[in-house]
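See below for the structure under consideration.
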2 protein chains.
Amino acid sequence: MSLSIGQLSAETGCNIETIRYYERIRLMNQARRSSGNHRIYGEPDRRRLVFIRRCRELGFPVDDIRDLLRLVDGGAPTCAEVKSVTENHLAGVRRRITDLRKMETVLKGLVRECSGETIPDCPIIDTLFKQSSIR
Amino acid sequence: MSLSIGQLSAETGCNIETIRYYERIRLMNQARRSSGNHRIYGEPDRRRLVFIRRCRELGFPVDDIRDLLRLVDGGAPTCAEVKSVTENHLAGVRRRITDLRKMETVLKGLVRECSGETIPDCPIIDTLFKQSSIR
DNA sequence: CTAATACCTGTAGCGACCACAGGTTCAAGG
DNA sequence: CCTTGAACCTGTGGTCGCTACAGGTATTAG
């Protein structure tokens with residue numbers, strides 16, 4: 001039972017151009033081809049693509065996914081490595097949340113100080129002209 | 001009292017290449033030039049660059065900054081518009097925080113389920129093979 | 001006057017795609 | 001069997017906000 005790239009796209013929700021892109025950067029294996037050079041996919045390809053999309057949804061960068069796939073492909077004693085990749089990524093996600101929360105706090109403050117009326121000195125603009133201090 | 005690009009960079013903490021980039025994309029005005037074609041900056045340029053960097057620290061995209069600068073340059077009745085740009089950006093930041101928190105929750109779950117020992121079926125990998133559901 | 005440093009322009013790369021253009025193949029209907 | 005239109009192919013260029021060269025010119029300190 002085989003799939004065209006369009007069918008694979010429909011089943012996984014992954015853009016066709018993106019599937020070809022994944023092949024180019026070697027996340028997906030080189031697809032089998034029909035006599036007329038169209039890509040043909042099987043169930044293992046579908047599973048692999050779902051895996052990749054799921055990782056991307058969780059924000060794993062492509063290099064991490066490559067590592068994870070290598071471990072998956074390799075088979076055996078990999079659980080600790082998988083966990084470590086995941087933990088590192090989690091730490092990164094937490095850093096980004098922290099950064100964004102700092103931004104949120106400052107922006108909230110700016111909006112609160114500003115009446116929105118047309119007054120000569122806008123407190124938002126005034127504050128933005130003052131040199132940093134976020135970190 | 002004028003500054004070379006290197007001095008401006010040192011004073012603002014903004015990379016030299018980035019300053020030239022801002023000029024290219026018209027965030028910064030075309031700089032005055034010395035006889036030997038070196039850029040010369042004045043105090044208004046310094047203030048403008050500080051403003052830009054501050055906005056970037058707060059995550060404003062360049063197009064927003066362009067809007068804000070236009071309002072600043074324009075002068076008068078702009079406070080409501082400034083507030084609206086800021087509020088829109090704040091909403092975007094909050095969306096990103098929400099997304100990242102969802103990721104964090106799932107990743108935390110993955111890490112918790114995995115002992116890190118070398119067992120045949122890694123729970124992280126197993127879960128990643130299952131089709132999404134984040135949204 | 002020389003040497004070191006600072007500056008100049010222009011181009012290419014990053015990550016993770018998306019969107020063409022211009023050509024080929026496939027599948028269904030007549 | 002033939003036509004038509006959809007689906008596919010490759011290759012390239014754009015996105016965003018920088019950063020990093022390469023290869024050349026200007027300035028400045030000694």
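Everything numeric here is computed off the predicted structure, so don't read it as measured data. Letters A, B, ... mirror the listed sequences (proteins, then strands); counts begin at 1.
A salt bridge is defined here as a Lys NZ or Arg NE, NH1 or NH2 lying under 4.0 Å from an Asp or Glu carboxylate O, and D99(A) with R96(A) fails to meet this definition.
We find that OH of Y41(B) is positioned 10 Å from P of dC7(C), with the value rounded to whole Å. Taking atom CD on E57(A) and atom P on dC17(C), their separation rounds to 11 Å, with Å as the unit. Distance CZ (R56(A)) to P (dG15(C)): 11 Å, rounded to an integer number of Å. Here the P atom of nucleotide dC7(C) and the CZ atom of R32(B) are 15 Å apart, to the nearest Å. To the nearest angstrom, C1' of dT25(D) lies 13 Å from CZ of R33(B). Rounding to whole angstrom units, CD of residue E23(B) and P of dG17(D) are separated by 18 Å. A straight line from OH of Y21(B) to C1' of dG10(C) spans 16 Å, rounded to a whole angstrom. Distance I40(A) CD1 to dT25(C) C1': 12 Å, rounded to the nearest Å.
In this structure a side-chain-to-backbone donor-acceptor pair under 3.5 Å is missing from E11(A) to L8(A). Proximity of a side-chain donor or acceptor of S84(A) to a complementary backbone N or O of A80(A) within less than 3.5 Å is not detected.
Side-chain proximity of R20(B) to dT19(D), dC8(C), dC7(C): nearest is dC8(C). Of the listed nucleotides (dC18(C), dA6(C), dT19(D)), dA6(C) has the atom at the smallest distance from the side chain of H38(B). The side chain of I16(B) has dC7(C) as its nearest neighbour among dT19(D), dC7(C), dA16(C). Relative to the side chain of S4(A), the nucleotides dC9(D), dC8(C), dC8(D) differ in distance, and dC8(D) lies closest.
Contact annotation: the side chain of L71(B) never approaches that of I125(A) to less than 4.5 Å [non-hydrogen atoms, C-beta and beyond].
Checked against side chain to side chain contact (heavy atoms under 4.5 Å, CB included), E43(B) has the following partners two or more places apart in sequence or in another chain: R46(B), R47(B).
Residue contacts shown for F60(B) are absent, as no nucleic acid heavy atom lies under 4.0 Å away. Across all strands shown, I25(B) has no heavy atoms under 4.0 Å from either base or sugar-phosphate atoms. Heavy atoms of R53(B) sit under 4.0 angstrom from primed sugar atoms or phosphate atoms, though from no base atom. Here I5(A) lies in heavy-atom contact (under 4.0 Å) with sugar-phosphate atoms only.
Taking 4.0 angstrom as the limit, S35(B) places a side-chain polar atom (N or O) nearer than this to OP1 or OP2 of dT27(D). Proximity of T18(B) to the phosphate of dG17(D): no side-chain N or O atom is located under 4.0 Å from OP1 or OP2. Between Y22(B) and dG17(D) there is no side-chain polar atom (N or O) within less than 4.0 angstrom of OP1 or OP2. Contact between the side-chain N/O atoms of N37(B) and the OP1/OP2 oxygens of dC8(C) is not found at any separation under 4.0 Å.
Between Q7(B) and R24(B), it is Q7(B) whose nearest contact on DNA chain C lies nearer the 5' terminus. Annotation: of the two residues near DNA chain C, R39(B) and P61(A), the 5′-most nearest-nucleotide partner is R39(B).
Note: L100(B) CG to R101(A) CZ = 10.0 Å, rounded to the nearest 0.5 Å.
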